[in-house]
Trainee: 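One structure coming up, written as structure tokens, with questions to follow.
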Amino acid sequence: MAEGPAGVIIGGWPYVITAYSITAVALALNIARLAARERKADKNKESDSNG
Amino acid sequence: MRNVATGIGLLGILLLLVGSYVGLFVAPPERHMGDVQRIMYVHVPTAWIGLLCSTFAMIFAVAYLWTGRNRWDDRLVGALEISVILGGLLLVQGMLWGRVTWGIWWTWDVRLTTSLIMFLLFAGVLALRSFVEEPLRRATWSSVATIIAYVDVPLVYFCVRWFRSLHQVQSSPETVHSSMIIPLRINAFAMLFIAIWLIAWRARIESKSRGAERPPERIEIQGAQNG
Amino acid sequence: MSTFQQTLFVARKDLLLGWRARTRTLAVALFGMVTLVLFSFAVAADGEVGVSAAAGFLIVALLLSSILSLEESFRLETEDRALEGLLLLPVDPVAIFYGKAIANFVLLVLLGPVLLPLTAIFFSLELDGANLLGMALLWLLAAAGIAAPGTLYASMTSRVTGRDVVLPLLLFPLTLPILMAGVRSFDLILRGDAMSQLKGWTLLLAAFDLVYWVLCGALFSRTLEE
Amino acid sequence: MASATSRLPSRRKAVFAIAIAAIAAILIFLAVGGIGENLVYYWSPSELLSAGDQAYGATVRLGGLVAPGSVVRSADGLELDFAVTDGVERVPVHARAVPPAMFREGIGVVVEGRLSRNGVFETKRLMVKHDNQYQPPSEGDERSLEELAKTMQLGADDT
């Protein structure tokens, strides 16, 4: 069977980097969102106990 | 508990960095797919852990219907959100990989179709939650919707074996070179730890905000025990 | 009354209400017809193209009409708090679900005699006895696959604000397997089944019907408890 | 009365148990019931050719291996001729498509298009199907055409 450069993907790094970055960004955004929600929940709780 | 969960999460992030480094820079390129195959080290763990989280969601939903305890609803939200995030990521990563290797962004192959349906179904449950204000009703309904949505999950996993599809069947240690298995496993564990951490975290937030909106949980537990 | 008799009772009650509100029921059929007309504008529905698009349009028209039909079936229940009244009576929730699901199923099936001939005219289909029989069977399976999850979700969404958004949002993904299997089966009947795939798609459709009818029936009672 | 019993947990558990058992049965039926033999994303060359008259004109997907030695690229690189084989039959394909970089002799492909009367499959959509083998470049692919054909899930015994 013919082996060699034909049939081998050269490059394609932009796709790889995009895939990894989107994953990282999505996870990071979710972590940031949870952190924000937690601050909000804590704040509500405090105001509850104060009031 | 809180520190344990955060510890697991940090470990997960660390492992994800290590696994991705190994996958991107240490592991060899694939003989035909070249460097593009490196998407696998994030795509396959996303798929595994995404399916696992939807299984968690289904288990939590059954547990909620069975016991009526709020903590299961808290965990259900966490598991649903992670399933949807990973499900969406799975589709995007798959499109990128498919564009280069298959030559297309999308086709109505069974694996792609059932994965998209799974994403839409679980996102639909989250949408349902956002429309229901009353907590008891919201918890019961999202449990019911989750269980029904879960019907699609076994199909996502097995369809490539049952039906002739464009998507390849599951790989196994025999079909993947040992140098590629290492980053795959590291990232799978990393994604698992991150998912557990995020589910636990989300559950904690949910239980806090629940405490703020309705303190007397005792009544519900009694009701549950009575039937 | 046994659960079975109660089921028939609830189904009859719903069908009777549907009959009394004939104009509203007819409006659903009219809506289905309008969607078909819109679809035929969407593609140049002549000859080959029309035939190849017909199966998809027919099933999508059914699905879109079902949203109206399902919302209508729970409108009275919530407006007059009739469902709560029904629950106070010694009626089994399982019977309520299957009764209402059967009624919804019948109403969806009745859309068939309206939508199918219209599709045949708009998209130049050639119908004969053999493929009409197959299509009737498939129509029953497709309507059943929409009616069961539709009844469950309509009962839930009828009690929330913004139900017009939530019901399609939840029901459409859930009916995608039904939609796909239904469209493929219809298409194979209409345009020939070179590789005899019809049996496979029909079985898949039937399998999803069974799963939904069993699962939704088992879970329905939980959505009523408040 | 039904309503009195329906609220009892035992009855609810029974309903759930029946539901779970029924769904498990249905899934098992889907797994082993042979639906997969009918539901295919693409046809093999043998299946396409044995479909007879019905194979002509309809838009279908054809899947198989690119037959070794059959690839002819046009000078401008926009057109491509090759044959798809499943180890038994061959179907010549004329593609007006730029193939993905992985396209080569012996790899799995799925083409979407129609079989014309002169026996050539015309397509504008050419997809490469990769199997589940992931190996570094140092490992040459020593598999025979028959072994490769198995990865296309074309055999009757595949599950």
Side-chain angles (χ1 to χ4, degrees), chain B residues 27-34 36-38 40-41 44 62 65-66 97-113 147-148 150-151 153-155 158-181 184 224-227, chain D residues 7-13 16 19-20 23-24 26-27 30-44 47 61 63 97-104 106-110 112 125-141 151-155 158-159:
Chain B
E30 213 269 342
R31 63 184 169 201
H32 300 306
M33 290 196 225
V36 176
Q37 179 266 344
R38 298 178 195 281
M40 179 176 85
Y41 305 126
V44 173
V62 171
L65 289 184
W66 209 266
W97 196 3
R99 178 67 191 87
V100 191
T101 54
W102 298 344
I104 45 159
W105 293 103
W106 186 262
T107 182
W108 294 102
D109 160 89
V110 269
R111 182 38 101 54
L112 278 57
T113 310
I147 293 172
I148 294 175
Y150 191 75
V151 170
V153 173
L155 274 182
F158 289 111
C159 65
V160 286
R161 296 192 193 172
W162 294 350
F163 309 120
R164 195 188 290 167
S165 63
L166 180 65
H167 194 286
Q168 58 270 31
V169 299
Q170 288 92 350
S171 53
S172 67
E174 289 87 58
T175 65
V176 181
H177 193 264
S178 53
S179 59
M180 298 173 173
I181 288 182
L184 194 58
Q225 280 164 347
N226 293 341
Chain D
R7 303 291 161 109
L8 285 180
S10 63
R11 153 104 190 234
R12 171 179 296 161
K13 278 177 188 162
F16 264 100
I20 289 165
I23 286 152
I26 293 162
L27 281 175
L30 276 179
V32 300
I35 291 182
E37 287 165 27
N38 293 319
L39 288 184
V40 291
Y41 179 72
Y42 51 84
W43 295 347
S44 72
E47 286 164 340
R61 297 194 194 94
V98 179
M102 282 229 302
F103 182 84
R104 64 177 182 276
I107 196 171
V109 288
V110 175
E112 196 174 283
R125 192 160 152 96
L126 167 60
M127 295 168 266
V128 162
K129 179 177 158 75
H130 189 268
D131 58 19
N132 62 353
Q133 294 274 341
Y134 302 95
Q135 303 293 339
S138 54
E139 308 273 320
D141 199 342
T151 66
M152 292 300 290
Q153 299 173 285
L154 295 175
D158 68 66
T159 46

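Sequence lines set the chain letters: A, B, ... in the order given, protein chains first and strands last, and positions in each chain run from 1.
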Trainee: Would B/S179 and B/H177 count as having a side-chain donor-acceptor pair, cut-off 3.5 Å?
Mentor: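 B/H177 and B/S179 do have a side-chain donor-acceptor pair below 3.5 Å.
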Trainee: Which atoms of B/P154 come close to chain D, meaning under 4.5 Å heavy atom to heavy atom: side chain ones, backbone ones, both, or neither?
Mentor: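 Only the side chain of B/P154 comes within 4.5 Å of chain D.
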Trainee: Could you tell me whether the side chains of B/R111 and B/Q168 share a donor-acceptor contact shorter than 3.5 Å?
Mentor: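 Not at all, the side chains of B/R111 and B/Q168 share no donor-acceptor pair under 3.5 Å.
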Trainee: What part of B/S178 gets closer than 4.5 Å to chain D, counting heavy atoms only: side chain, backbone, both or neither?
Mentor: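 Answer is neither: B/S178 stays 4.5 Å or more from chain D.
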Trainee: Anything under 30° is parallel, anything over 60° is perpendicular, the rest tilted; go ahead and classify B/W97 against D/Y134.
Mentor: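 Plane angle between 30° and 60°, so tilted.
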Trainee: Do the side chains of D/Y41 and D/M127 get nearer than 4.5 Å, heavy atoms only?
Mentor: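 Contact flag for D/M127/D/Y41 side chains = yes.
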Trainee: Mind running side chain to side chain contact (heavy atoms under 4.5 Å, CB included) on B/Q170 and D/N132 for me, showing each step along the way?
Mentor: CA-CA 7 Å; B/Q170 288 92 350; D/N132 62 353; 5.9 Å; no
Trainee: Check whether B/L166 gets within reach of chain D through its side chain, its backbone, both or neither, counting any heavy atom under 4.5 Å.
Mentor: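 Both backbone and side chain.
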Trainee: Checking B/E30 against chain D: side chain, backbone, both or neither under 4.5 Å from a heavy atom?
Mentor: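 Both backbone and side chain.
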Trainee: Using non-hydrogen atoms and a 4.5 Å limit, figure out which bit of B/M33 sits close to chain D: side chain, backbone, both or neither.
Mentor: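 For B/M33, backbone and side chain are both near chain D.
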Trainee: Check whether B/V36 gets within reach of chain D through its side chain, its backbone, both or neither, counting any heavy atom under 4.5 Å.
Mentor: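 The answer is neither part of B/V36.
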